[in-house]
Amino acid sequence: MQKQSNSPRLIVHGGAWNIPADYHAAHLAGVKAAVEQTYPHLLDGASALDAVEMAVQVLEADPTFDAGRGAFLNAVGEVELDAIIMDGRTLNFGAVAALQNILHPVGVARQVMEQTEHNLLVGAGALDFARRSGFNELPPEELLTERELEFFRQIQNDPAFRTHHPFKEGPGDTVGAVAMDKAGNLAVATSTGGTARKLPGRVGDCPIVGAGAYADNERGAVSATGWGESIMKVLLSKTVCDAFAAADAMAAARQGIDTLARKVNGLGGVIGINAKGEYAWAHNTPYMAMAYAETEGAIKISIRARTN
Ligand code: GLY
């Protein structure tokens with residue numbers, strides 16, 4: 001289904017977790033920059049697919065977030081990145097997982113979707129494909145921040161630390177964007193460094209279609225953030241897209257988060273746009289950073305505190 005729409009939509013998130021107060025300003029600035037730099041292109045007629053890739057690239061380049069530069073370190077002190085992009089017109093998607101040394105995994109995911117017969121490439125194969133597609137391979141320290149190195153040192157040998165703790169108790173966040181273009185087409189992209197001290201090779205919800213992202217022009221598009229091991233069990237993004245069929249946008253997002261909490265004791269958040277162009281968001285983490293363009297073009301930014 002493709003609907004005529006004169007007013008494009010764009011919503012982004014910078015993660016759902018226990019964002020400490022002294023991180024709020026950087027998170028707000030980051031999500032605002034992603035909308036500010038991308039929304040004018042949507043107004044000029046850019047596709048939803050181009051818009052979500054563009055917005056996520058802004059967030060991947062920002063060391064504030066757990067995606068691209070600034071990502072968490074895994075259990076051996078390395079950065080491994082996951083990303084997905086999905087086209088609501090065709091349900092086609094591209095994804096990469098456990099990709100190292102590339103600043104913009106979302107761009108590689110798009111190339112997987114458009115240049116291969118496949119949907120998901122992982123590890124060394126994904127890196128080899130990125131190189132052959134012309135992506136710049138960076139030295140590992142280029143993606144590393146002092147903040148994450150320090151956090152890694154703190155938790156490295158802590159027997160009590162669990163990878164889901166940051167969603168309640170410490171640093172961590174994925175990024176994502178959902179857009180509807182002037183033609184009414186929907187797209188979504190999500191990108192992450194995953195969880196802190198994850199085992200090498202661990203893949204979370206982000207690049208799993210229906211979990212970290214889903215887009216279907218007939219229903220809507222959703223990007224998820226939070227504790228991946230819980231999100232993938234309920235295919236959170238697809239669950240919310242399905243709920244768009246019978247509930248209004250915000251209620252559908254709430255239903256998805258309720259399912260996450262009730263069925264698997266999960267922690268996370270979602271942003272989305274339904275097929276009518278209505279925005280949706282919900283989370284059960286202490287905070288979620290997000291920004292969206294109002295229909296008249298003004299940008300709303302917020303660190304949303306949990307209300308339930
Ligand atoms: N939601 C990001 C992850 O768990 O990998």
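One-based numbering, in listed order, for ligands and for the atoms of each.
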> Are Asp50 and Arg110 within salt-bridge range, i.e. N to O under 4.0 Å?
yes

> Counting each atom of ligand 1 from 1 as listed, which ones have a heavy atom of Thr174 under 4.0 Å away?
1 (N), 2 (C)

> With heavy atoms only and a cut-off of under 4.0 Å, state how Arg202 meets ligand 1: side chain, backbone, both or neither.
side chain

> Output the list of atoms in ligand 1 that are nearer than 4.0 Å to some heavy atom of Thr195, sorted by atom number.
4 (O)

> Holding to side chain to side chain contact (heavy atoms under 4.5 Å, CB included), I want the full list of residues that pass it with Asp216, two or more places apart in sequence or in another chain.
Leu91, Tyr214, Glu218, Arg219

> Would Asp205 count as a polar contact of ligand 1, with the cut-off being nitrogen or oxygen pairs under 3.5 Å?
yes

> Gly194 heavy atoms, cut-off 4.0 Å: which ligand 1 atoms fall inside?
3 (C), 5 (O)

> Is there a donor-acceptor pair under 3.5 Å between the side chain of Tyr39 and the backbone N or O of Pro8?
yes

> Pairs in or reaching into residues 232-241: which pass side chain to side chain donor-acceptor pair (under 3.5 Å), with residues at least two apart or in two chains?
Lys238-Asp242

> Pick whichever of Ala196, Gly226, Ala224, Gly269 has a heavy atom sitting closest to atom 1 (N) of ligand 1.
Gly226

> One thing to verify: whether Glu229 and Arg202 come together as a salt bridge, which I'm taking to mean a side-chain N less than 4.0 angstrom from a carboxylate O.
yes

> Based purely on interatomic distance, does Gly228 place a nitrogen or oxygen under 3.5 Å from a nitrogen or oxygen of ligand 1?
yes

> Tyr292 vs Tyr279 aromatic rings, parallel, tilted or perpendicular, using cut-offs 30° and 60°?
tilted

